[in-house]
Amino acid sequence: MSSLNATQPQPSDFAGDALRPRLSMLDAAAIEYVHEQSLRLLAEVGVRVPLARAQALLKDAGALVDDETRIVRFPDDLIESAIARAPKTVLLAAREPGKDALLDHTRSFATHDGMGAMCLDHRTGERRPSTAQDLLEAMIVADALDEIGVLWYTAYPCDEDPRLQSLRGLQAMLAGSGKHVEGEVTDPADVPYVMEMLAAASPGGLWRPERPIFSIVYCPVSPLQHDADSLEAAILLAEQGVPITVYSLALAGATAPITQAGTIVQTNAEELAAFAILQLAVPGCPLVYVGNAGVMDMRTSTYATAGPEEILLNLALTEMGRHYGFPVLSCGLSTDAKELCVQAGSDGAPMALATMLAGADLLTGAGMLDSAQLLYLPKLVLDAEIIRQGHRLVAGVALDDEHVMADVTRRIGPGGHFLAERETRRYLRNGELLMPRAFVRGSYDAWQTEGRDETQRAVERIEEILASHHPLPLPDGAPQRIEEIIATAASEKPAG
Amino acid sequence: MKEQLTQALIAGNADLVNALTQALLAAGTPAREILDDALLPGMEVVGARMRSGECFIPEVLLSARTMQGALDILKPHLGEGEGAGLGTVVLGTVEGDLHDIGKNLVGMLLQGAGFEVVNLGTGVTTQQFVEAVKEHAPAIVGMSALLTTTLPHMAETLAALKAAGLREQVKVMVGGAPVTQAFADELGADGYGANAGMAVDRAKALAAQAATA
């Protein structure tokens, strides 16, 4: 016994910690290199900004503006001051208490994929243009799924008057969920109606910029340009306190260099240029950096939404956004597959996990097939399961004396079991082991007896949610008021 | 030398293609023959390889660009209005839309396949499409869009072509991520391609129809 005591290890200095796995690719020198290369691109090549108002602001701030080509070259300090000025945490507030998404780098909030114009109808199996009803159902289902934290304008209401699509989309989103909704407004003429609708939907009938229940996705157009109308709409909304996700989606090999390095630098530059424009227009406005770029499929010329290169692009860009301290949205779960199949899972899950492990605040990509073109609600339910796995993975390992459970092991001793212990129950209930909801475990026979495949179970879950889940209702009178606002827009906006 | 020219075009070797084209002309080979016997067959091979997956978009575009260089050399030696022979295509991305990578890709592939291409660029209004059809008398007019909100401009352009009495003399093609065959059919368009390669195949079929009509 004395020899045993003699070899006992000294107490370690480790005081216990919650260990969270992280995925990182860029070291400090690499980050600095990407930053420098991005600044060079912005100073030497520049960005086309065809909006007079933005050009004037940029000129005043020291940028070189070519009045003919409308290309703006950015001095380094203009970019650096925008980086300093942009808020480092952004609140995406919810109508429903307790459902806020505070983007503060502590967790990943998942959202829909988007934005598509087609729906694979889970009731008929038909692929057809998406409708306002599809969008509403996508909101209600996501409202019921704990794993989805923020709702996206996932599919366009193609059955509506094109002039009113943005407003009809917003109407469906507000009605379908009490969570934060992120939409798209590309027509500056829509802004007053959007703000009236948001006020009507807000608690107390008043839009509160300090608690924005709505944000937008704004897309610079790669390579290195902006659309005047979309940019103006974004600025007008930023003035009202609407947070903006700046989504520059370059396609490697087509609208960006084919190399990962070239696409990383160009995307980062495009993000920074948009940040600079928006921070000049509305100092301190809340913005979300997007760490995502795509690839063009070189056989078919279509947008490829998943694959190893996209994971690498997402990782590097997410790290760049985090380096600046910005809230970051990145992508996962998306697939180029046309049906639920091995490819859909294999496209989606690794990218989602990588994005979460890289520390993105927002994870977009749930619920679509066909390169973010085809809404398929059963996939939303199955993606929620992948998101749960991701959250469990990111939660990591609590490594300390309590979690080692040495006292329990001592109590049970060799040959016993841990199943009936109170500690086992307690940690199980605290989420130590993930309990699948949509995925199958258990015996083959039990599965066979149940006789339902994955898609059938997902469809049943959707129908169950749609039948029984009631999103937080809008304030009294708000639905009517919103309908009136859209009717006014219909009468005031010029016919298409 | 013509076989060598065909191979150089397939390889996308612009310097060699230009040199061989010049040399063939200098040796007295008619421009039409260079086009028909060497260049167009080369692009046929490239197109077939793209369809079979052996050859990728950038390689096809390199060959197409090389083809364009050779055509520039041949042009003064071809008869008036005698291009590569498949006719003219007017292309544009509709009003309100800046996304044009797909349309440009189709344009380059069409050029490579032997069409004259008039690329109107982005944000093309209905009126600009109508004017271009009047001016260039194309066999085909092609419209692209990425944003669903701009899709209605395709219908407006079709209506405007009808109103101007031009609809019967031109085939209309549509494309872009949100466009489907069903949408094209509903619109009353003559052609649609789910990707750039399919658009070129469809354009060639439409041009052949027009030629035999």
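Lettering follows sequence order; numbering is per chain, from 1. All of these numbers come straight from a predicted model, not from anything done at the bench.
Interatomic distance, A:Thr300 OG1 to B:Arg51 CZ, rounded to the nearest 0.5 Å: 14.5 Å. Taking OG from A:Ser301 and CG from B:Leu109, the interatomic distance works out to 8.0 Å, rounded to the nearest 0.5 Å. Between atom CG of residue B:Leu146 and atom OH of residue A:Tyr303 there is a gap of 11.0 Å, rounded to the nearest 0.5 Å. Between the OG1 atom of B:Thr122 and the CG atom of A:Asp227 there is a distance of 9.0 Å, given to the nearest 0.5 Å. Note that CD of B:Glu54 is 10.0 Å distant from CZ of A:Arg299, once rounded to the nearest 0.5 Å.
With a 4.5 Å cut-off on non-hydrogen atoms, A:Asp229 does not touch chain B at all. With a 4.5 angstrom heavy-atom cutoff, A:Arg127 touches chain B only via side-chain atoms. If you measure heavy-atom distances from B:Pro152 to chain A, the contacts under 4.5 Å come from the side chain alone. The contact between A:Met296 and chain B is made entirely by side chain atoms (from C-beta outward), counting heavy-atom distances below 4.5 Å.
Below 4.5 Å, heavy atoms of chain A meet no heavy atom from residues 157-175 of chain B. Close approach to chain A, defined as a heavy atom under 4.5 Å from one of its heavy atoms, is seen in B:Thr180, B:Ala194, B:Asn195, B:Ala196 of residues 179-207 of chain B, taken by number. Within residues 125-136 of chain B, no residue has any heavy atom under 4.5 Å from a heavy atom of chain A. Heavy-atom neighbours of chain A within the stretch residues 55-65 of chain B, taken at a separation under 4.5 angstrom, comprise B:Phe56, B:Ile57, B:Pro58.
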